[in-house]
Amino acid sequence: MNDITPRAFPAEPRQRKPDWIRVKAPTSAGFAETKALMRRLNLATVCEEAACPNIGECWTKKHATVMILGDVCTRACAFCNVKTGMPRTVDPLEPQHTADAVAELGLEHIVITSVDRDDLPDGGAGQFVKVIEALRRTTPATTIEILTPDFRNKAQSAVEAIVAARPDVYNHNLETVPRLYPTIRPGARYYASLRLLESIKRHDPSIFTKSGVMLGLGEERLEVHQVMDDMRSADIDFLTMGQYLQPTPRHARVAEFVTPDAFGAYAAIARAKGFLLVASSPLTRSSYHAGDDFRALRAAREARLGAG
């Protein structure tokens, strides 16, 4: 069944958002065209399924983040709006449909993510590989960023298969500080996620690595600093930080709306710790402005190599 698994949090009204977190409802022609394309090719997007606040801006520009392996997740994280239940059979047409969508949208850079598929022997790694291969055939000039789950109990073989397909950016989000994992991300393990990201660089140092955290879940400032240090120890290139927003009353409540100035202060500390690139603002999300960020990331690496 595909029903949403009940959350561990009592249903309470969502808090009123501060002015700096509000966005306009999407109404543009570009938004409608992007939505129609996704429906025609039977593709899911994290933009819709995760109720991303930036969907109006991104889809107006015909930028979308495709979510492969269906729209039903095998886990029930307390922050995530994606449906939980028994996923459908993997769609064999999904890789080529994804490539066709990228071609029609004319994307120079694409972000591909997925639900968790703990039911699959490889956790869904093979479908990531097929999507990358389809993109290389169909739109060879497009740079590819993948945002994967943790491939619980399958990480080594999954990572080896995906790295061999050579995406340009490998992203896996830590999401929050270790102390909050039991309530916010109970199906995952903080240090397992760190090891996954570290292993990417071990297999292929040329692939950019990226990870993100949400703020406003009850984390302490020094805990966030420690996460930054852990990421740098794993040689992660790019850090994203954004405000957690409660998708429904059954999800974890927002503990704090972090101010834009506080996000800026975190960004300054992260840059001092040695990240190649940092994106930190209330509306920052993993794939927000990903194409521009990739170009900046590549330039930052070239500058650092030149300086060395």
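Remember, it's a predicted structure, so these values are computed and weren't measured experimentally.
- Note: His203 NE2 to Tyr170 OH = 11.0 Å, rounded to the nearest 0.5 Å.
- Heavy-atom minimum distance, Ile236 versus Ser211: CG2-N, 4.0 Å.
- Nearest heavy atom pair, residue Gly70 against residue Ala44, reads O-CB, 4.3 Å.
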*Step by step, work out the side chain to side chain donor-acceptor pair (under 3.5 Å) result for Thr143 and Arg295.*
CA-CA 10 Å; Thr143 50; Arg295 288 185 285 274; over 6 Å; no

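- Looking at heavy atoms from C-beta onward, Arg195 lies out of side-chain contact with Arg189 at the 4.5 angstrom threshold.
- Side-chain contact check for Tyr244 versus Val254: some heavy-atom pair is nearer than 4.5 Å.
- No chain of hydrophobic side-chain contacts below 4.5 Å, direct or via other Ile, Leu, Val, Met, Phe, Trp or Tyr residues, connects Leu135 to Leu93.
- Taking the side chain as every heavy atom from C-beta outward, Thr240 and Arg285 never approach each other to under 4.5 Å.
- Separation of atoms CG (Asn171) and CG (Asn173) is listed at 4.5 Å; rounding is to 0.5 Å.
- In the displayed structure, Gln156 atom CD is contacted under 6.0 Å by at most 12 heavy atoms of other residues, nucleotides or ligands.
- With a 4.5 Å cut-off on side-chain heavy atoms, Gln96 and Lys130 do not count as touching.
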*What do the steps show when you test Thr142 against His109 for side chain to side chain donor-acceptor pair (under 3.5 Å), and what is the final call?*
CA-CA 5 Å; Thr142 301; His109 185 84; over 6 Å; no

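- Looking only at side-chain heavy atoms (C-beta outward), Tyr266 and Arg221 come within less than 4.5 Å of each other.
- Rounding to the nearest 0.5 Å gives a distance of 6.5 Å between OG1 of Thr248 and CD of Gln246.
- Side chain of Arg250 to backbone of Ala78: no donor-acceptor contact under 3.5 angstrom is found.
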_Using the rule given for side chain to side chain contact (heavy atoms under 4.5 Å, CB included), can you reason through Arg152 versus Asp118, listing the C-alpha separation, both sets of side-chain angles and the distance that settles it, and then say yes or no?_
CA-CA 7 Å; Arg152 186 172 60 196; Asp118 297 316; 3.1 Å; yes

_Check against salt bridge (charged side-chain N to carboxylate O under 4.0 Å, His left out), Arg40 and Glu33_ = CA-CA 10 Å; Arg40 174 162 56 83; Glu33 290 169 8; over 6 Å; no

*Start with the C-alpha gap between Tyr181 and Thr176, add the side-chain angles, then the distance that decides, and say whether side chain to side chain donor-acceptor pair (under 3.5 Å) holds.*
CA-CA 7 Å; Tyr181 263 54; Thr176 189; over 6 Å; no

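- Here the shortest heavy-atom pairing between Gln243 and Gly216 reads NE2-CA, 3.9 Å.
- Atom CD1 of Ile162 is separated from atom CD1 of Ile132 by 6.5 Å, given to the nearest 0.5 angstrom.
- Both Phe128 and Val66 are members of a single hydrophobic cluster when ILVMFWY side chains are connected at heavy-atom separations under 4.5 Å.
- Between Val90 and Leu120 the shortest heavy-atom distance is CG2-CD1, 3.8 Å.
- Cluster annotation: Val131 and Leu107 are assigned to the same hydrophobic cluster (Ile/Leu/Val/Met/Phe/Trp/Tyr, side-chain heavy-atom contacts under 4.5 Å, transitive).
- Distance check: Leu174 CG to Leu239 CG gives 9.0 Å after rounding to the nearest 0.5 Å.
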*How far apart are the C-alpha atoms of Val111 and Ser286, what are their side-chain angles, what is the distance that settles it, and do they pass the side chain to side chain contact (heavy atoms under 4.5 Å, CB included) test?*
CA-CA 9 Å; Val111 181; Ser286 290; over 6 Å; no

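- Checked against Met67 for a side-chain contact (heavy atoms from CB on, under 4.5 Å), the options Thr45, Thr113, Leu147 give a single hit: Thr113.
- When all heavy atoms are compared, the tightest approach of Lys17 to Phe257 is CA-CZ, 4.2 Å.
- In this structure, Arg298 fails the cation-pi test against Phe208, since its NZ or CZ atom is not both closer than 6.0 Å to the six-membered ring centre and inside 45 degrees of the ring normal.
- In this structure, Leu215 and Phe263 have side chains that are in contact, with non-hydrogen atoms separated by less than 4.5 Å.
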*asked:* For Phe275 and Arg232: C-alpha separation, side-chain torsions, deciding distance, then whether side chain to side chain contact (heavy atoms under 4.5 Å, CB included) applies.
replied: CA-CA 7 Å; Phe275 289 96; Arg232 289 303 302 131; 3.7 Å; yes

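- Considering every non-hydrogen atom in both Trp20 and Pro282, the closest pair reads CD1-CG, 3.5 Å.
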*Take Phe79 and Leu180 through the side chain to side chain contact (heavy atoms under 4.5 Å, CB included) test and state the conclusion after the steps.*
CA-CA 11 Å; Phe79 63 86; Leu180 297 178; over 6 Å; no

*Test salt bridge (charged side-chain N to carboxylate O under 4.0 Å, His left out) on Lys201 and Asp237 and set out the steps.*
CA-CA 10 Å; Lys201 286 293 191 183; Asp237 298 306; 2.8 Å; yes

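- Residues Asp293 and Tyr288 have side chains that never bring a donor and an acceptor to within less than 3.5 angstrom of each other.
- Put simply, OG1 on Thr139 and CD on Glu108 are 11.0 Å apart, with the number rounded to the nearest 0.5 Å.
- Proximity of a side-chain donor or acceptor of Thr84 to a complementary backbone N or O of Arg75 within less than 3.5 Å is detected.
- Hydrophobic clustering, with ILVMFWY side chains joined whenever heavy atoms are under 4.5 angstrom apart, keeps Leu297 apart from Ile144.
- Take Glu220 and apply the side chain to side chain contact (heavy atoms under 4.5 Å, CB included) test, not counting sequence neighbours, and it matches Arg179, Glu223.
- Here the side chain of Glu94 pairs a donor or acceptor atom with the backbone of Leu69 at under 3.5 angstrom.
- Contact annotation: the side chain of Leu276 approaches that of Arg304 to within less than 4.5 Å [non-hydrogen atoms, C-beta and beyond].
- Note on Val169 and Phe238: same hydrophobic cluster, where clusters join Ile, Leu, Val, Met, Phe, Trp and Tyr whose side-chain heavy atoms are under 4.5 Å apart, directly or indirectly.
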*Apply the test side chain to side chain donor-acceptor pair (under 3.5 Å) to residues Glu145 and Ser287: give CA-CA distance (whole Å), side-chain angles for both, the deciding distance (0.1 Å), then the verdict.*
CA-CA 9 Å; Glu145 179 173 334; Ser287 55; over 6 Å; no

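- At a threshold of 4.5 Å between non-hydrogen side-chain atoms, the residues Asp71 and Val115 do not count as touching.
- Put simply, the side chain of Glu219 gets close to the backbone of Leu217: a donor and an acceptor are under 3.5 Å apart.
- For residues 162-172, the salt bridge (Lys or Arg N to Asp or Glu O under 4.0 Å) pairs, not counting sequence neighbours, are Arg136-Asp168, Arg166-Asp204.
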